[in-house]
K.L.:
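Structure below; questions to follow.
Predicted model, so just to flag it, every value in this text is computed and none were measured. Protein chains get the first letters and strands the later ones, always in sequence-line order, with residue 1 at the start of each. Worth knowing before you read on, the calculation uses all heavy atoms, side chains too, and leaves out hydrogens, waters and symmetry mates.
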Amino acid sequence: MPVMTYVQAVGRGLWEEMERDPAVLMIGEDIGVYGGAFKVTDGFLAHFGRERVIDTPISESAIVGAAVGMSYLGLRPVCELQFIDFIACCFNQITNFVAKSHYRWGAPVPMVIRGPAGGGVHGGPFHSQNPEMYFVHTPGLKVVCPSSAYDAKGLIKAAVRDNNPVLFFEHKFLYRRVKEEVPEDDYIVPLGQAAVRREGRDLTLVTYAAMVQVCLDAAEQLEKEDGLACEVIDLRTLLPLDKETILSSLRKTNKLLVVHEDTRTGGIAGEIAAMVMEEAFDQLDGPLMRVTSLDTPVPYSPPLEEYFLPNAAKVVKAARDLARY
Amino acid sequence: MPVMTYVQAVGRGLWEEMERDPAVLMIGEDIGVYGGAFKVTDGFLAHFGRERVIDTPISESAIVGAAVGMSYLGLRPVCELQFIDFIACCFNQITNFVAKSHYRWGAPVPMVIRGPAGGGVHGGPFHSQNPEMYFVHTPGLKVVCPSSAYDAKGLIKAAVRDNNPVLFFEHKFLYRRVKEEVPEDDYIVPLGQAAVRREGRDLTLVTYAAMVQVCLDAAEQLEKEDGLACEVIDLRTLLPLDKETILSSLRKTNKLLVVHEDTRTGGIAGEIAAMVMEEAFDQLDGPLMRVTSLDTPVPYSPPLEEYFLPNAAKVVKAARDLARY
Amino acid sequence: MALSRQQHLELYYWMQLNRKLEDLLTVMFRQNKVVGGVYSSLGQEATSVGTAYALEKRDWIAPMIRNLGAVLVKGYRPRDILMQYTAKSGSPTGGKDGTAHFGDLHEKRMVSPISMLGDLIPVMAGIGLGARYLGRNEVALTWIGDGGSSTGVFHEGLNFAAVQRAPLVLVLENNQWAYSTPNYLQARLIDFADRAKAYGIPGVIVDGNDVVAVYETTKQAVEQCRRGDGPVLIESKTFRRKGHAQHDPAAYVPKWMLKEWEAKDPILRYEKYLTAKKLWTEKEKNDILARIDRELKEGQAEAEASPLPPAERAAEGVYCDGCHEIRAEWKRSPKPVKPGKNTAQWFEGKSPALAPSLGASQERKEKAVVGPSNPGHGKNAKLKKHKKQRKQRK
Amino acid sequence: MALSRQQHLELYYWMQLNRKLEDLLTVMFRQNKVVGGVYSSLGQEATSVGTAYALEKRDWIAPMIRNLGAVLVKGYRPRDILMQYTAKSGSPTGGKDGTAHFGDLHEKRMVSPISMLGDLIPVMAGIGLGARYLGRNEVALTWIGDGGSSTGVFHEGLNFAAVQRAPLVLVLENNQWAYSTPNYLQARLIDFADRAKAYGIPGVIVDGNDVVAVYETTKQAVEQCRRGDGPVLIESKTFRRKGHAQHDPAAYVPKWMLKEWEAKDPILRYEKYLTAKKLWTEKEKNDILARIDRELKEGQAEAEASPLPPAERAAEGVYCDGCHEIRAEWKRSPKPVKPGKNTAQWFEGKSPALAPSLGASQERKEKAVVGPSNPGHGKNAKLKKHKKQRKQRK
Ligand SMILES: Cc1ncc(C[n+]2csc(CCOP(=O)(O)OP(=O)(O)O)c2C)c(N)n1
Ligand SMILES: Cc1ncc(C[n+]2csc(CCOP(=O)(O)OP(=O)(O)O)c2C)c(N)n1
Ligand SMILES: [Mg+2]
Ligand SMILES: [Mg+2]
């Protein structure tokens with residue numbers, strides 16, 4: 001099995017889908033000759049040609065709009081946003097045109113919008129954002145946030161094949177830091193299924209994307225230093241949310257700590273809090289707690305960004321509080 | 001005291017602020033000669049002149065952008081969006097330029113963005129939305145949702161005077177349906193303070209905007225039919241959230257039901273759920289429950305929209321379940 | 001290209017059907033049968049009908065709210081529109097959405113608009129590009145208002161379409177008003193066709209109240225697209241003779257202006273023309289009117305007989321879960337097309353392979369640099385164009 | 001308007017300071033002292049410096065990432081920029097943001113950009129309008145790339161500025177590339193100045209490597225704004241001689257193209273000019289270079305001496321809670337200005353009071369309607385303009 005980085009795995013998944021299905025197209029800024037700002041589509045233009053690898057002007061609303069039109073013909077366009085922060089520039093097309101199309105008039109929009117999200121690389125306020133909740137709160141979309149190279153390939157392939165619009169947020173901190181064996185097979189990781197990354201009976205850490213490793217590190221430390229056995233759930237897909245995996249872990253550990261890199265107020269932890277109260281209030285032996293980024297823009301300077309982001313130490317501290325509860 | 005509709009109260013508040021402070025300006029589509037789609041600025045052009053009542057092209061990003069520029073000079077522009085749904089068209093300016101300005105480089109943006117939100121008037125998917133959570137999840141903004149004519153006037157005046165960008169969502173269902181005595185005085189209702197609309201000891205209904213009346217109706221019915229005394233909290237400001245009012249009610253009733261017209265997943269109920277668990281888990285004698293709109297776009301046809309929206313019957317049913325818990 | 005007698009009668013039929021359908025909607029609105037507002041295209045029928053009539057069945061449209069005429073030409077029946085406006089279960093959207101917000105990807109090839117103005121432009125460019133990739137020579141046509149032309153997405157969509165030479169006809173329906181906003185508060189332009197100059201594409205002006213002119217101008221634009229020469233912007237000069245919607249008395253429109261445009265009524269003008277040219281008989285006219293009358297009655301009966309949708313439908317259809325089979329319809333072998341070259345190759349010594357031909361601008365003389373230049377490095381130097389530079393190197 | 005000897009030397013100083021500051025940043029980048037990327041304006045210094053130099057102290061700028069030259073001219077010192085790039089506590093943003101993302105509303109009158117291209121355009125239009133309302137005759141100037149001119153907000157901002165005749169100078173810095181995207185994939189235009197035609201405003205072209213031409217062209221544009229005649233778009237033709245940022249080797253740029261533009265280096269050209277015109281002495285040149293050297297050394301020392309910001313600063317400053325006193329600075333009595341008229345009045349019988357004067361387009365001959373017209377209602381009719389129509393009614 002070849003060893004691949006997370007970013008290579010995304011590219012590999014897209015390449016395979018393009019080989020498999022001529023209906024799959026790529027559209028975005030600098031994705032052709034240059035192969036994309038992070039080289040996800042490197043070599044695609046030479047191999048697949050300019051009709052399938054469309055370099056666009058700096059026009060995010062045109063990228064998404066044109067992809068909608070193509071998808072209406074049964075094509076499966078994949079839009080690259082150079083940094084996911086620029087998704088704000090096509091917010092209207094996504095939330096009003098794309099998300100509501102099938103509900104309103106039965107026109108499916110099989111397309112993917114993908115790009116590099118997340119912080120930890122000193123990208124500052126406009127190259128580090130985590131916009132997932134804007135879209136989790138928009139009925140009609142699916143939202144995917146892979147944490148491993150294996151998942152990155154399997155999930156992007158599932159996203160391309162899905163008959164609904166999928167937002168695929170790649171974490172740029174993981175792009176080259178995650179490196180692992182990835183099968184060459186044509187496999188998919190189904191959307192809407194969380195994964196248990198570590199089993200434990202004392203408390204459950206629910207997380208996704210770059211925070212998965214942070215939680216695994218924290219769990220390791222908690223095991224060693226406190227003898228606490230933490231279960232770690234990687235959500236993988238935020239919408240639709242895999243409630244069952246969360247609830248069955250809760251039934252075992254009776255305590256949930258949600259960790260997300262997204263800012264605190266209105267983050268996914270709140271949605272999970274409401275969901276577990278509705279579904280399993282009597283299973284809670286303590287409050288759902290959360291470790292998140294601060295409610296600020298993402299600051300630029302390294303000490304500020306570190307202070308802003310969650311890390312293993314913050315997770316350990318919160319987990320200890322929760323365990324003691 | 002003159003009797004005013006909710007929409008007149010907004011207009012009156014704006015008028016008074018313009019009279020009081022020459023730094024206050026209006027900018028938006030059709031706000032001049034026409035007085036705005038809902039006549040909020042009727043008569044403003046003739047009285048204040050075209051430099052202070054700026055009719056724009058159909059360019060939401062230009063409206064917000066130009067307002068930012070004006071606010072940088074110490075002016076206090078108020079942007080009207082013809083329907084709040086069009087806020088998606090200036091989402092980038094709001095979330096990236098406006099919200100982050102003060103944090104990034106210390107430039108305050110004293111401006112208001114206002115417009116008609118909400119459903120119940122058969123406006124369909126693009127004239128009925130409740131976009132508040134997109135902005136509650138964006139650090140740097142304030143988000144206001146008045147439910148009464150008194151508050152509409154007092155809150156818009158507070159919003160204009162605030163040194164931060166305030167999103168002011170007027171509920172169009174209430175525009176002409178709410179009619180009440182409104183003082184002619186120069187009063188404000190401070191941002192960030194919830195109001196207890198009805199006292200009760202058995203359970204607390206937390207809500208805002210058009211759902212306040214729905215909750216009051218439900219509370220009335222619950223009192224009569226079940227002898228249940230519900231406390232009704234009107235949040236008024238969603239960001240910053242008045243945690244103290246919610247928590248002190250919880251300490252009394254020990255049960256919370258959150259009712260919002262916004263769609264369910266990612267709505268404010270989740271945030272409140274996480275907050276109360278963190279702050280007062282041991283005060284909960286039952287799960288926080290929620291009554292919300294469905295997770296769909298807002299449908300057009302009246303029976304569909306009724307099914308989609310919360311109403312008193314749905315609140316009564318949920319409250320009974322919660323009371324029994 | 002000249003229209004046959006039969007075609008003239010069809011154009012007349014569609015324009016009258018358009019108008020009388022809206023008259024009926026207005027009546028039903030007053031009877032409180034309509035959900036939401038009614039948007040009138042009184043005086044603009046020639047633009048909707050003439051443009052749509054220039055298309056073939058394989059071509060695509062996406063209507064704006066005042067393009068019911070085009071929706072009819074594309075094959076929808078009054079019943080469909082009446083049910084949309086009355087939010088009935090049998091409407092094309094089953095009551096999920098109203099007004100002109102509906103469409104059909106298979107039979108009619110019509111894309112539903114959304115309320116946000118301008119968003120359709122890149123979408124229709126995408127349809128054109130997608131069809132081209134599938135080997136299908138299909139043209140996409142949509143409309144935008146004088147007001148809608150101020151939106152950012154108008155710019156992004158048309159610029160992208162121009163660069164990609166997408167087969168897109170954009171009809172800029174200049175009816176002088178955007179809600180209460182007159183043109184001179186919308187743009188510092190007399191001719192909105194000038195918007196095209198920012199994209200290096202043709203911007204043509206047509207008398208929007210002259211259905212034959214509209215038809216023929218659109219036909220030419222469609223042919224340019226069919227040839228692969230890329231998008232065309234057509235400015236249709238016309239006038240909105242009612243308020244923005246039923247609720248708006250349009251007090252802001254000067255009386256003389258209204259009167260002037262009443263005199264240019266496209267249907268009356270066309271009637272006079274057909275009569276003067278002896279293209280119809282009185283009987284044919286009456287037959288058309290009688291047919292419209294009958295069709296509207298039938299349509300109304302059908303619409304009124306349809307129940308409101310069942311409430312639970314509100315919860316259905318957010319996702320497409322196996323309810324549609326999604327398959328692209330190829331008109332050529334779906335093999336990878338010729339690989340692109342890299343940028344350096346495109347430039348090297350030859351005309352860039354992907355560079356769009358520059359149309360009108362190519363023919364212009366090289367322009368002098370505006371503003372003074374300092375001597376020593378080329379006083380009043382002409383700015384050299386790439387092409388010239390390449391020549392010199394050889 | 002001719003530049004004095006002193007001014008020539010200043011222009012030279014700023015261009016060299018711009019270049020050598022970026023050289024230093026590149027060195028520090030290689031030493032891993034920079035946080036994030038370094039964006040070079042090599043070859044574009046004449047545009048940044050020449051445009052900013054045409055402004056007065058009271059005027060406003062908002063730089064793009066390649067406009068460090070303008071930032072310097074506006075009064076920031078190398079230390080400020082070095083600290084921004086090294087994310088130090090003493091930087092103008094205290095480490096909250098980096099690169100050219102900073103500004104000052106009071107002393108320097110510079111607005112911080114954000115990364116999203118185009119967003120500054122309506123903001124700067126708003127500054128211009130706001131200043132006008134306050135009775136202050138101040139001009140706002142900002143830059144946009146060939147790439148950034150494809151954004152929707154470019155269109156919305158410039159169209160709005162044109163309608164309102166905002167005192168806005170927009171410099172479209174056409175450096176031929178947007179990241180890896182060549183111009184012909186960005187727009188179907190040879191001259192990006194043509195974008196101006198969509199807004200009825202002047203679009204002038206200047207040789208962007210000729211600092212004197214840039215200065216004088218901008219000066220004229222600023223004067224047009226100062227007179228109240230509304231925005232000007234200046235296309236500055238230049239070239240990006242490095243990759244998009246340090247990480248990008250720009251392999252996609254053809255060698256010959258790079259060579260051609262190296263030969264047009266704006267600083268070398270200007271040196272030759274100054275020498276040929278005897279505008280300086282060798283000693284003056286050396287003094288300038290020595291001064292720059294000294295200033296950069298001082299700046300670097302200061303920047304390196306500054307600590308990184310304290311971590312807790314991350315939590316501060318989301319809201320302005322009494323930390324700023326917000327007060328508009330009036331240069332006239334802040335009384336309500338003359339009330340507007342309603343639309344009907346504007347139209348009635350006279351030239352619309354609010355209608356912008358139409359500049360160039362007003363002078364054009366009335367255009368024939370394109371496309372054939374059917375007889376009976378005016379064969380080949382000219383489309384009448386409002387003005388003409390009004391005349392007839394009298
Ligand atoms: C992006 C956006 N902003 C605002 C509106 C509200 N709105 C609906 S129609 C309209 C006027 C449209 O004028 P125009 O484009 O000229 O079309 P017309 O109504 O004249 O046919 C406005 C402002 C909208 N639909 N979309
Ligand atoms: C709205 C938006 N989309 C994408 C980007 C990513 N991006 C940053 S710079 C750049 C290229 C800009 O090219 P141009 O405007 O020509 O300026 P130049 O770099 O040539 O100075 C791109 C695509 C962005 N900053 N903003
Ligand atoms: Mg119009
Ligand atoms: Mg460029």
Side-chain angles (χ1 to χ4, degrees), chain A residues 60-61 85-96 99-100 103-104 124-126 129 131 133-140 239-241 258 262-282 284 286-290 294-300 325, chain B residues 60-61 85-96 99-100 103-104 124-126 129 131 133-140 239-241 258 262-282 284 286-290 294-300 325:
Chain A
E60 284 76 13
S61 287
D85 308 67
F86 303 126
I87 204 163
C89 303
C90 45
F91 189 78
N92 177 46
Q93 284 277 2
I94 297 173
T95 58
N96 283 317
K100 299 177 175 49
Y103 182 79
R104 291 197 309 112
F126 307 109
Q129 293 178 73
M133 283 309 288
Y134 295 138
F135 305 102
V136 168
H137 186 52
T138 305
L239 183 70
L241 190 66
V258 183
D262 193 1
T263 53
R264 189 178 194 79
T265 300
I268 191 89
E271 181 55 30
I272 295 172
M275 186 275 288
V276 298
M277 283 221 253
E278 283 167 347
E279 308 269 340
F281 182 67
D282 53 6
L284 285 165
L288 176 143
M289 289 176 66
R290 47 184 175 171
L294 302 184
D295 275 331
T296 73
V298 188
Y300 184 66
Y325 193 91
Chain B
E60 283 77 11
S61 287
D85 308 67
F86 304 125
I87 204 164
C89 302
C90 45
F91 189 78
N92 177 47
Q93 284 278 2
I94 298 173
T95 58
N96 284 316
K100 299 178 176 49
Y103 183 78
R104 291 197 308 112
F126 307 109
Q129 293 178 74
M133 283 309 288
Y134 296 138
F135 305 102
V136 168
H137 186 51
T138 305
L239 183 72
L241 190 67
V258 182
D262 194 2
T263 54
R264 189 177 194 81
T265 301
I268 191 89
E271 181 55 31
I272 295 173
M275 185 275 287
V276 297
M277 284 221 255
E278 284 168 346
E279 307 271 340
F281 182 67
D282 52 6
L284 285 165
L288 177 145
M289 288 175 66
R290 47 185 174 171
L294 301 183
D295 274 331
T296 72
V298 187
Y300 184 66
Y325 193 92

K.L.:
How long is the gap from OG1 on B:T296 to NZ on A:K100, to the nearest 0.5 Å?
P.N.:
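B:T296 OG1 to A:K100 NZ: 9.5 Å, rounded to 0.5 Å.
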
K.L.:
Could you work out, with salt bridge (Lys or Arg N to Asp or Glu O under 4.0 Å) as the rule, every residue matching A:E279, not counting sequence neighbours?
P.N.:
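Testing A:E279 for salt bridge (Lys or Arg N to Asp or Glu O under 4.0 Å), a comparison that skips the adjacent residues, returns none.
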
K.L.:
In terms of heavy-atom proximity below 4.5 Å to chain B, should A:Q129 be classed as side chain, backbone, both, or neither?
P.N.:
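Contact with chain B involves the side chain of A:Q129 alone.
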
K.L.:
Under a 4.5 Å heavy-atom cut-off, does chain B meet the side chain of A:V276, its backbone, both or neither?
P.N.:
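The side chain, not the backbone.
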
K.L.:
Identify the two heavy atoms, one from B:M275 and one from A:R290, that lie closest to each other, and give their separation to 0.1 Å.
P.N.:
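Closest heavy-atom pair between B:M275 and A:R290: N-NH2, 4.0 Å.
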
K.L.:
Can you name the side-chain contact (heavy atoms from CB on, under 4.5 Å) partners of B:A88, sequence neighbours left out?
P.N.:
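B:A88: side-chain contact (heavy atoms from CB on, under 4.5 Å) contacts with A:F91, A:N92, A:T95, A:N96.
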
K.L.:
Chain B heavy atoms under 4.5 Å from A:Y134: which part of the residue, side chain, backbone, both or neither?
P.N.:
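Contact with chain B is through both the backbone and side chain of A:Y134.
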
K.L.:
Between B:F126 and A:R104, does a side-chain contact (heavy atoms from CB on, under 4.5 Å) hold up when you go through it step by step?
P.N.:
CA-CA 11 Å; B:F126 307 109; A:R104 291 197 309 112; 3.4 Å; yes

K.L.:
Would a distance-only check, ignoring hydrogens and angles, find a side-chain to backbone donor-acceptor pair under 3.5 Å from B:E271 to A:G266?
P.N.:
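Checking the backbone N and O of A:G266 against the side chain of B:E271, a donor-acceptor pair under 3.5 Å is found.
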
K.L.:
What part of A:L284 gets closer than 4.5 Å to chain B, counting heavy atoms only: side chain, backbone, both or neither?
P.N.:
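Answer is both: backbone and side chain atoms of A:L284 are under 4.5 Å from chain B.
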
K.L.:
So, taking the atom named CE in B:M133 and the one named CE in A:M133, what distance separates them when rounded to the nearest 0.5 Å?
P.N.:
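It is 7.0 Å, given to the nearest 0.5 Å.
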
K.L.:
Quick one: what part of A:Y325 sits under 4.5 Å from any heavy atom of chain B, side chain, backbone, both or neither?
P.N.:
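Interface part for A:Y325: side chain.
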
K.L.:
Mind checking the CD-CE spacing from A:E278 to B:M289? Nearest 0.5 Å is all I need.
P.N.:
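It is 7.0 Å, given to the nearest 0.5 Å.
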
K.L.:
Show, in sequence, the C-alpha distance, side-chain angles and deciding distance for B:V136 and A:H137, and conclude whether the side-chain contact (heavy atoms from CB on, under 4.5 Å) test is met.
P.N.:
CA-CA 12 Å; B:V136 168; A:H137 186 52; over 6 Å; no

K.L.:
Could you tell me which of B:I268, B:I272, B:T263 has the largest number of non-hydrogen atom pairs under 4.5 Å with chain A?
P.N.:
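Most heavy-atom pairs within the cutoff with chain A belong to B:T263.
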
K.L.:
Considering only heavy atoms and a distance below 4.5 Å, find which of B:G124, B:A274, B:P287, B:A273 pairs most often with chain A.
P.N.:
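Of B:G124, B:A274, B:P287, B:A273, B:P287 has the most heavy-atom pairs under 4.5 Å with chain A.
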
K.L.:
Is chain B contacted by the side chain of A:D262, its backbone, both, or neither, given a heavy-atom distance below 4.5 Å?
P.N.:
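The answer is the side chain of A:D262.
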
K.L.:
Chain A heavy atoms under 4.5 Å from B:S61: which part of the residue, side chain, backbone, both or neither?
P.N.:
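For B:S61, no heavy atom lies under 4.5 Å from chain A.
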
K.L.:
Only pairs of heavy atoms separated by less than 4.5 Å count here; which of A:C90, A:P299, A:G286, A:A280 has the most with chain B?
P.N.:
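Ranked by heavy-atom pairs under 4.5 Å with chain B, first place is A:G286.
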
